[in-house]
Structures are given as structure tokens and as C-alpha cells.
Amino acid sequence: MSRARARALANLALVKYFGKRDVALNLPAAGSLSIALEPLSTATEVNFDPTLKADLVLLDGAPAEIEFAAKVTRFLDLVRDRAGIDLKASVSTRNDFPTAAGLASSASGFAALALAAATAAGLKLDQNELSALARRGSGSAARSIPGGIAVWDEGRMNDGSDSFARSIAQPGEWDLRVVVGVTDKSRKPIGSTEAMELTRKSSPYYDRWIETARRDLDDAVRAVNARDLEALGEIAERSALSMHAAALAARPGIVMWNGATVEALHMLRSLRRQGTAVYFTCDAGPQPKALCSSRDEEIAAKAMSESTGIVEVIRCRIGGKAELVGST
Ligand code: PMV
């Protein structure tokens, strides 16, 4: 087989990954836990084509920017090395996000690329190996391979072979919802690797952040196993705030939020004081997210849409694993 097409979902970390023990291999300093977000998906087709002289990368139907295309080629090189092939590929990738901008697409993108490229190259990888491969493109992509509620283990091996994600709950097993508030659709001013490295090297809080992340992961796994939203929500909120605290203390400090992000945090806490079990989280950007059960989704979505500075609201439920969607 030389052609394959795969679909993978974005994921939202409830226990954040923010710090690497190995930058080249994308090995995390601590494990993390995420929820796959249906319907935020990327579909990618890879075709290893003997007539091509160079890789050809299309993003949403148009030639991709040089930087993105170079990242895809570096990733394809890993797959070619492993499969022992030398063929160039055409790659066509589409983000099926309700809004194209402002949300992380690297997790869904590299998970879809890993599955499509490995299949097209004839590699027979199990889910753990695929997750470890996707990790090489973008750390968080490891978690989009198993989907559901996924734990990405820190791992101990220097080669990263035991640092992959596994699912601890599948869609349908828990009716969690995520309401994404979009505050700003422009590109992030600082990439995640750069932000992590600056924080590791200069933030006086970095070591404590990593210690907390490890404890938070153990607590979060227990909360998921007990289907305890209140416990999981509290952990998600403190994990996000601690990650941002570590980054804020870097030199120079990294401020990823805007005013609307902070407004949303206060709004969600005020809803909680009034009795709605809804919790705030936020990644390395300004978009606030609310975690709640399906019962409270309506209230959370309405409140998020009315919060100051929110330009769009996207409702998500727990999604599944990365899948092939027809290959020839
Ligand atoms: O996968 P990366 O390198 O884009 O890093 C993602 C980092 C955060 O989104 C901030 C946290 C996470 O665990 O997804």
C-alpha cells in the first residue's frame, strides 16, 4: 500500500504537559492526561509516489508554508527510515475545525499524519508504537492516537519507547463535555517548545511545577476511575493555573492570556459558587475552556458565549481514537 488517509481528533489536557526531558525526542518531564475533542478533527492523506522529486504538502487545499512543510518532511523522514523506503510523498491535510484559527491543531495533525504515513509506508505498528511515533511530531499528538481520556506516560527509557499514551476511558463511558471559548483567532506569539524551554531554563517555579504535575496525574487517574467530575475538575483547574504560573515566572515572563481569558475564569468560578459543576482550563494560548457534564453543557455554553470578549463558542464531547478513513 502506498496511500492512506486517517482522521484524528484534537485533545485538551486536563493535567498539562509543559516541559521536556528530551527536546529532540519530545520526551515529557512529567506525564499528562487529556480528553479527545469531538468534533475538532484533522483528516490527512499520504501518498508515497515514485514520480515525486520532493515532498508536496497541502494544508486545507493550498501549498503549506515552508516551516510547516519542513516539519512534515522531517516527520516523514522518520517513517521512511523505519520502513526502509526512499519515496517522496504528497500529503494533503485538512483541519475540520469549525474555526480554522485559534485552536491547537498540532495534536490532531501529527496523530493523523502518523497513522496515514505509517500505513502508507507499510509499517505494522501497534497503538503504543503509533502513539510514540506521533509524539515525535508534537508531544500532545501522542494522546490523540488512543483518544477518549488518555494518559501519556512520562516513561523511563532514553529512546522514548515507553513514552506513549493509552486510553483509560472511551467515549460513551462518561458524559463529559468541553465548551471552548474563542477569544482571539490569531496565531500564538510563542510556540509551545520555545515556551517550555524558556520556562525550564529560567522559571524559579519550574521544578515545583513538574513535581505538582506528577501528583496531579496520579490524582486525576483516580478521579477518572471513580468518574468523579468534581475531583477531576479541581485538578484540571489547578493544573492549568500552575502551568501558567510557572510560565508567568519565566524570564521574561510568558503571558498567554488576554483579558477575556481571565474574565472567563472568574465567570466559571462564579457559576460554580451558584451550584453548577463547571471548571476552567486553558492551554498555551488565550482560549478558555469549560469542563462540565452533559447536564450542565447548556448553562456553560450560554455563560461562555455571554462572557466578555468571547467571539465564538464550540461545544465538544469525548471523542475516540485516530482511525483510517479509507486507503487504497
Ligand atoms: O504538543 P505541543 O508541543 O504543542 O505541547 C502542548 C502543550 C500544552 O497544550 C500547553 C499542554 C498539553 O498538555 O497539551
Side-chain angles (χ1 to χ4, degrees), residues 8-37 40 42 67-68 71-72 74-75 95 102-114 131-147 149-155 160 163-165 178 180 187-200 203 206 209-210 212-214 216-217 220-221 235-248 250 254-257 261 280-289 291 316 322:
L9 296 174
N11 69 71
L12 171 68
L14 301 180
V15 176
K16 305 291 185 195
Y17 147 61
F18 198 72
K20 307 187 192 216
R21 68 182 158 91
D22 185 314
V23 174
L25 294 176
N26 273 343
L27 296 178
S32 55
L33 179 144
S34 67
I35 168 171
L37 299 179
L40 304 186
T42 299
E67 208 181 312
F68 179 77
K71 262 186 129 177
V72 169
R74 279 199 297 278
F75 189 82
N95 288 323
L103 290 166
S105 56
S106 66
S108 52
F110 277 103
L113 179 63
S131 171
L133 174 66
R135 189 201 74 225
R136 297 290 301 273
S138 164
S140 56
R143 300 185 307 237
S144 286
I145 293 290
I149 298 182
V151 172
W152 171 19
D153 291 308
E154 180 178 325
S163 187
F164 50 79
V178 170
V180 179
R187 196 181 286 231
K188 288 191 280 192
I190 176 167
S192 54
T193 297
E194 200 187 330
M196 286 179 203
E197 282 298 279
L198 181 61
T199 303
R200 182 178 67 78
S203 172
Y206 179 77
W209 149 247
I210 295 299
T212 354
R214 291 194 177 118
D216 283 347
L217 179 59
V221 170
I235 297 161
E237 209 167 283
R238 74 178 185 235
S239 176
L241 293 174
S242 306
M243 176 189 88
H244 283 277
L248 282 165
I254 307 165
V255 186
M256 302 172 199
W257 295 352
T261 323
F280 166 88
T281 182
C282 183
D283 283 327
Q287 330 297 5
K289 283 115 188 169
L291 176 73
C316 303

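Note that ligands are numbered from 1 as they come in the structure, with each ligand's atoms numbered from 1 the same way.
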One pair to check against side chain to side chain donor-acceptor pair (under 3.5 Å): Lys16 and Ser242. What are the steps and the verdict?
CA-CA 9 Å; Lys16 305 291 185 195; Ser242 306; over 6 Å; no

Which atoms from ligand 1 have a heavy atom of Met196 less than 4.0 Å away?
5 (O), 7 (C)

Considering Lys16, His244, Arg143, which one's heavy-atom position lies nearest to atom 12 (C) of ligand 1?
Arg143

Grab the two heavy atoms, one from Met256 and one from Asp283, that are nearest each other, plus how far apart they are.
SD-O, 4.4 Å

Salt bridge (charged side-chain N to carboxylate O under 4.0 Å, His left out) with Glu154: which of Arg214, Arg135, Arg21?
Arg214

Below 4.0 angstrom from a heavy atom of Ala284, which ligand 1 atoms are there? Numbered from 1 as shown, please.
10 (C)

Ignoring hydrogens, just give me the one of Pro28, Ser140, Ala240 whose non-hydrogen atom is nearest atom 1 (O) of ligand 1.
Ser140

Nearest heavy-atom approach of Ser106 to Ser140 is OG-OG, 4.3 Å

Check for me whether Gly139 has a heavy atom closer than 4.0 Å to any atom of ligand 1.
yes

When you compare ligand 1 with Thr193, is there at least one nitrogen or oxygen pair between them that comes in under 3.5 angstrom?
no

Does an N or O from Ser192, backbone or side chain, lie closer than 3.5 Å to an N or O of ligand 1?
yes

Sidechain-backbone polar pair: Ser203 side chain, Ala246 backbone, donor-acceptor under 3.5 Å:
yes

Plane angle bin for Trp152 and Tyr17 - parallel if under 30°, tilted between 30 and 60°, otherwise perpendicular
perpendicular

What do we get for Ala13 next to ligand 1 when only non-hydrogen atoms under 4.0 Å count, side chain, backbone, both or neither?
side chain

Min N/O separation Tyr17 to ligand 1 under 3.5 Å
yes

What pair of heavy atoms forms the shortest contact from Ser138 to Ala107, and how long is it?
OG-N, 4.4 Å

Contact check, Ser106 vs ligand 1, heavy-atom distance below 4.0 Å
yes

